[in-house]
A.B. asks: 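Okay, here's the structure, questions in a sec.
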2 protein chains.
Amino acid sequence: MADLAYHRVYSELTAQIKHGQYSDYRLPDERTLSEQFGVSRSTIKRALGILVNRGIIFQKQGSGTFVNPLYFKSRPLFNYTGDNIGITDSLVKDGQKQSIKVLHFHVQKAKDEVAESLFLQPNEFVYRIERLRLVDDQPFMIEIGYLPIRLVPELNESVIQSSLYNYLQEEQHLMVTKSFLNISAEPSTEEDQKLLQLKPTEPVGLMEGIFFTDSGTPIEFSRMRIHYRYMQYNSFVSLS
Amino acid sequence: MADLAYHRVYSELTAQIKHGQYSDYRLPDERTLSEQFGVSRSTIKRALGILVNRGIIFQKQGSGTFVNPLYFKSRPLFNYTGDNIGITDSLVKDGQKQSIKVLHFHVQKAKDEVAESLFLQPNEFVYRIERLRLVDDQPFMIEIGYLPIRLVPELNESVIQSSLYNYLQEEQHLMVTKSFLNISAEPSTEEDQKLLQLKPTEPVGLMEGIFFTDSGTPIEFSRMRIHYRYMQYNSFVSLS
DNA sequence: AAGTGGTCTAGACCACTAC
DNA sequence: TAGTGGTCTAGACCACTTA
């Protein structure tokens, strides 16, 4: 992934923006970038397109390409900057300590919704992984994940005490790079209140969705119940 | 917009998928589509890319292009299928009656956050539009929007009783096609409870963000407080 | 008029999947 | 081995903004 031309351009531009290289909020024009990076304008457009899709820059026809000044002001829960799309890589932590407490771990036959979401054969088995995630010892998320055992035959309890997706990448050469999420909210249950240290009037955010590997295989169905103060999601949408 | 080649391909494919044309979940390969539509493969890829970004289809290298069976099962609050990205065009309603009640409407000097979000000059003026939105007489959203008067000089109270973005499109030839949203949740205030008919333990979803015209000009900063049962947001993310 | 992003093409070659 | 999606190029021409 990292050796692709468009990805190299994307990474370098992102780093430059983060380091404040474009303090006037203006990037060089596409033809200049094409020369600077030694790639075609199409490849530059592709790299810029990723930045646009994440809301980091925006482009105005006839005018130029500009950094979105709002992007770095918001404090979302997730910020996809690593290789993987999972929590560990995405969590905005700024030096805070991330930790995981395993609540339950076992194998079961996939129920309907899970089987459907993961495109499983009938009667296929999945791991059910229930974990509590904390930042600086403050619990902020209850996470229930389902993974087909067929895809990850050798999972065990010690693996899931830390980042599952890092394990998949390093030990199984699986990168998890796509997700389809549904986001909502509801009043907290008594269990939410206990685990996430919430008052009865305080709600949880819900994120539920499917995660895919780089090659398009659905690998996890996940339900997350999130302390409302940690629930921040950024979304850039463009109808074109 | 509708006369662009990639957009035509996108529209026709979307319609075909909705009408169940690909009941085996498999689309023709890109080279075949290229011939069928009489456009280059690059243009086909662009159209397919939009469908991928919205989570409607997914592609597997070496294997093919497939319809996402989950897409049509979820019931999000928004579903961007119209020309504009606004509520009116996007709200999934299925024959339900949509209505708007104007709570407040006036002109004021833009405060810091608004001015920053809309890239305004110092001391520029904005409309402040506070509306309650209902579906089938059930209130589901309090919406506070700010628009620069410079961009829409002739707004008045009768216009905002119905869709603002439809007015902008028809009377001002402005299409609103991009948005940068931040999504979160919090306990409801007393005013929320009164306007949205919520119990004290029931929360609101928050959506806050900037809306851009097709040419990239920020045209509205909006804060939405949403009845939690109506708060459903779909997001497809791909790290590439 | 000059500069910038947007659209589109035709084709080469690579990487992965299925048979 | 054939078929499919992924990457990348070099260039033409259009649309919009700014001066």
Side-chain angles (χ1 to χ4, degrees), chain A residues 1-11 13 22 24-53 57-67 119 151 173-175 177-178 212-217 238-240, chain B residues 1-11 13 22 24-53 57-67 119 151 173-175 177-178 212-217 238-240:
Chain A
M1 182 139 172
D3 53 342
L4 299 179
Y6 78 86
H7 194 269
R8 197 193 94 229
V9 174
Y10 159 74
S11 297
L13 284 176
Y22 305 107
D24 59 349
Y25 291 127
R26 188 192 187 89
L27 267 66
D29 70 277
E30 296 183 345
R31 288 159 180 89
T32 302
L33 288 171
S34 168
E35 277 184 27
Q36 281 181 8
F37 283 96
V39 298
S40 71
R41 189 175 158 217
S42 313
T43 299
I44 294 294
K45 286 189 93 65
R46 173 150 192 189
L48 292 177
I50 300 176
L51 289 160
V52 167
N53 275 328
I57 63 171
F58 60 94
Q59 299 187 285
K60 290 195 65 166
Q61 186 172 2
S63 181
T65 301
F66 306 89
V67 176
F119 302 90
L151 294 178
H173 301 291
L174 289 172
M175 300 254 287
T177 57
K178 303 182 220 291
F212 301 84
T213 65
D214 210 32
S215 68
T217 306
S238 174
L239 299 188
S240 55
Chain B
M1 180 137 174
D3 54 340
L4 298 180
Y6 78 87
H7 195 267
R8 198 192 94 230
V9 174
Y10 159 74
S11 298
L13 284 176
Y22 305 107
D24 59 349
Y25 291 128
R26 189 192 185 88
L27 267 67
D29 71 276
E30 295 183 345
R31 288 160 180 89
T32 302
L33 288 172
S34 167
E35 278 185 24
Q36 281 180 10
F37 283 96
V39 299
S40 72
R41 191 177 158 216
S42 313
T43 300
I44 293 293
K45 286 188 94 66
R46 174 148 190 193
L48 292 177
I50 301 177
L51 288 160
V52 167
N53 275 328
I57 62 171
F58 59 94
Q59 299 187 287
K60 289 195 67 167
Q61 186 172 4
S63 180
T65 301
F66 306 89
V67 175
F119 302 92
L151 295 178
H173 301 289
L174 289 172
M175 302 254 288
T177 58
K178 303 181 219 289
F212 301 85
T213 65
D214 209 33
S215 69
T217 307
S238 174
L239 298 187
S240 56

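In what follows, chains carry the letters A, B, and so on, assigned in the order in which the sequence lines appear, proteins first and then strands, with residues in each chain numbered from 1. All heavy atoms count here, side chains included; hydrogens, waters and symmetry mates do not.
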A.B. asks: Compare the minimum distances between each of dT9(C), dG5(D), dT7(C) and the side chain of Glu30(B), then state the nucleotide with the smallest one.
C.D. replies: dG5(D)

A.B. asks: Between Arg31(A) (CZ) and dT7(C) (P), how many Å, whole number?
C.D. replies: 13 Å

A.B. asks: How many Å lie between CG on Asp29(A) and C1' on dG3(C), as a whole number?
C.D. replies: 8 Å

A.B. asks: Rounded to the nearest Å, what distance is computed from the CZ atom of residue Arg41(B) to the P atom of nucleotide dG6(D)?
C.D. replies: 8 Å

A.B. asks: Using whole Å, what does the distance between atom P of nucleotide dA10(C) and atom CZ of Phe37(B) come to?
C.D. replies: 17 Å

A.B. asks: Would you kindly give the CD1-to-P distance between Ile44(B) and dT7(D), to the nearest whole Å?
C.D. replies: 17 Å

A.B. asks: So, does the side chain of Ser42(A) form a donor-acceptor pair with the base of dA10(D) at under 3.5 Å?
C.D. replies: yes

A.B. asks: If only side-chain N and O atoms of Tyr6(B) are considered, is one of them under 4.0 Å from the OP1 or OP2 phosphate oxygen of dC8(C)?
C.D. replies: no

A.B. asks: With heavy-atom distances below 4.5 Å as the criterion, would you say the side chains of Tyr6(A) and Ser42(A) are in contact?
C.D. replies: no

A.B. asks: Report yes if at least one side-chain N or O of Ser63(A) is closer than 4.0 Å to OP1 or OP2 of dT17(D); otherwise report no.
C.D. replies: no

A.B. asks: How close do Val39(B) and Ala5(B) get, heavy atom to heavy atom, and via which atoms?
C.D. replies: CG1-CB, 4.1 Å

A.B. asks: Counting only distance, no hydrogens or angles, is the base of dG6(D) paired donor-acceptor with the side chain of Arg46(A) under 3.5 Å?
C.D. replies: no

A.B. asks: Nearest nucleotide by nearest heavy atom, which residue falls closer to the 5' end of DNA chain C, Gly62(B) or Gly64(A)?
C.D. replies: Gly64(A)

A.B. asks: Over how many whole Å does the gap from Glu35(A) atom CD to dG11(D) atom P extend?
C.D. replies: 12 Å

A.B. asks: When you measure from the side-chain N and O atoms of Gln59(A) to the phosphate of dG6(C), is any distance below 4.0 Å, counting only OP1 and OP2?
C.D. replies: yes

A.B. asks: Which nucleotide in the list dT4(C), dT7(D), dT9(D) gets nearest to the side chain of Arg26(A)?
C.D. replies: dT4(C)

A.B. asks: Separation of Tyr10(A) atom OH from dT7(D) atom C1', in whole Å?
C.D. replies: 18 Å

A.B. asks: So which one's nearest nucleotide on DNA chain D is more toward 5', Lys60(A) or Leu48(B)?
C.D. replies: Leu48(B)

A.B. asks: Roughly how far, to the nearest 0.5 Å, is OG1 of Thr217(A) from NZ of Lys178(A)?
C.D. replies: 10.0 Å

A.B. asks: Using whole Å, what does the distance between atom P of nucleotide dC14(C) and atom CD of Gln61(B) come to?
C.D. replies: 14 Å

A.B. asks: Ignoring the backbone of Ser40(A), work out which of dT9(D), dC8(D), dG5(D) is nearest its side chain.
C.D. replies: dT9(D)

A.B. asks: How many angstroms lie between CG in Leu27(B) and CG in Leu51(B), if you round to the nearest 0.5 Å?
C.D. replies: 8.0 Å

A.B. asks: Taking only the side-chain heavy atoms of Thr43(A) (C-beta and beyond), determine which of dT4(D), dT9(D), dT4(C) contains the nearest atom.
C.D. replies: dT9(D)

A.B. asks: Could you check whether Lys45(B) gets within reach of a base, just the sugar-phosphate, or nothing at all, counting any heavy atom under 4.0 Å?
C.D. replies: base

A.B. asks: Quick one: pull up CG in Leu48(B) and OG1 in Thr43(B) and give me the separation to the nearest 0.5 Å.
C.D. replies: 11.0 Å

